[in-house]
Amino acid sequence: MKRLSGTDALFLSMETPTWHQHVGGLTILDPGDREISFDELLAALDARVPYAPKLRWKLKSMPFGLARPAWIDDDDFDIRNHVRRIGVPRPGGLRETAEVAGMLASTQLDRNRPLWELWFLEGLAGGRLAFVMKYHHCLLDGVAGASLATVLLDLEPDAAEPL
């Protein structure tokens, strides 16, 4: 068990149903001739989660709110609760992609699970695909989130495993 810092607990306490405290980003990829399937992505991410143990942490509230919440390992962790897929409406341009990304960003993360999601967007024009990654600010800040992306997703086709 690891107690949230005061700052992280503040991010958590400030969240409301209409003012979310998650951060995230949209990445659009052109895989060229290579096809990337959702199942392939799911398997790759499942293999990489051990390199980022925070992704398995969920919140545990303290009795009567007398202390800051803590992070505990989610014994029921299932990657399929965090990695999902969605189609982008035709014609799959930037406008349609942005609308889907905005819809995903506008939903609150489930506090009963580790506080992150990765969405696989299919149907983009020109054979492209996209990812929307979001995570609660109490789990990671923007810099840590960018570093996390390099652990979870390869930047090169034949990249080595993360260190």
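Nothing here was measured: the structure is a model prediction, and the numbers come from that model.
- Contact between P91 and E96 at its shortest, heavy atoms only, is CD-OE2, 3.1 Å.
- Counting non-hydrogen atoms of other residues, nucleotides and ligands closer than 6.0 Å to CD of E35 gives a total of 12 or fewer.
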**Request:** Check step by step if side-chain contact (heavy atoms from CB on, under 4.5 Å) holds for Y135 and L115.
**Result:** CA-CA 6 Å; Y135 46 89; L115 296 176; over 6 Å; no
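- Hydrophobic clustering (side-chain heavy atoms under 4.5 Å, transitive across Ile, Leu, Val, Met, Phe, Trp, Tyr) keeps L129 apart from W119.
- When every heavy atom of F38 is checked against every heavy atom of V83, the shortest pair comes out as CZ-O, 3.6 Å.
- The shortest non-hydrogen separation linking H22 to Q108 is CE1-CA, 4.4 Å.
- By the rule that hydrophobic residues join a cluster once side-chain heavy atoms approach within less than 4.5 Å of another member, V132 and L42 end up as members of separate clusters.
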**Request:** Give the C-alpha distance, both sets of side-chain angles, the deciding distance and a yes or no for side-chain contact (heavy atoms from CB on, under 4.5 Å) between K54 and L140.
**Result:** CA-CA 9 Å; K54 280 186 168 188; L140 298 162; 3.9 Å; yes
**Request:** Mind running side-chain contact (heavy atoms from CB on, under 4.5 Å) on I79 and F77 for me, showing each step along the way?
**Result:** CA-CA 7 Å; I79 192 78; F77 180 81; 4.2 Å; yes
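- Each of H20, H137, H136 was scored for a side-chain hydrogen bond (donor to acceptor under 3.5 Å, both in side chains) with E15, with one residue passing: H136.
- Side-chain heavy atoms closer than 4.5 Å link hydrophobic residues (I, L, V, M, F, W, Y) into clusters, and following such links, even through other members, never connects F11 to M62.
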**Request:** Check the pair M103, I86 against side-chain contact (heavy atoms from CB on, under 4.5 Å), reporting the backbone distance first and the verdict last.
**Result:** CA-CA 11 Å; M103 178 199 64; I86 190 168; 3.5 Å; yes
**Request:** Determine, step by step, whether R128 and E122 satisfy the salt bridge (Lys or Arg N to Asp or Glu O under 4.0 Å) criterion, reporting the C-alpha distance in whole Å, the side-chain angles of both residues, the deciding distance to 0.1 Å, and the verdict.
**Result:** CA-CA 8 Å; R128 293 174 299 165; E122 302 171 299; over 6 Å; no
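- The pair D73-R56 counts as a salt bridge, with a side-chain nitrogen and a carboxylate oxygen less than 4.0 angstrom apart.
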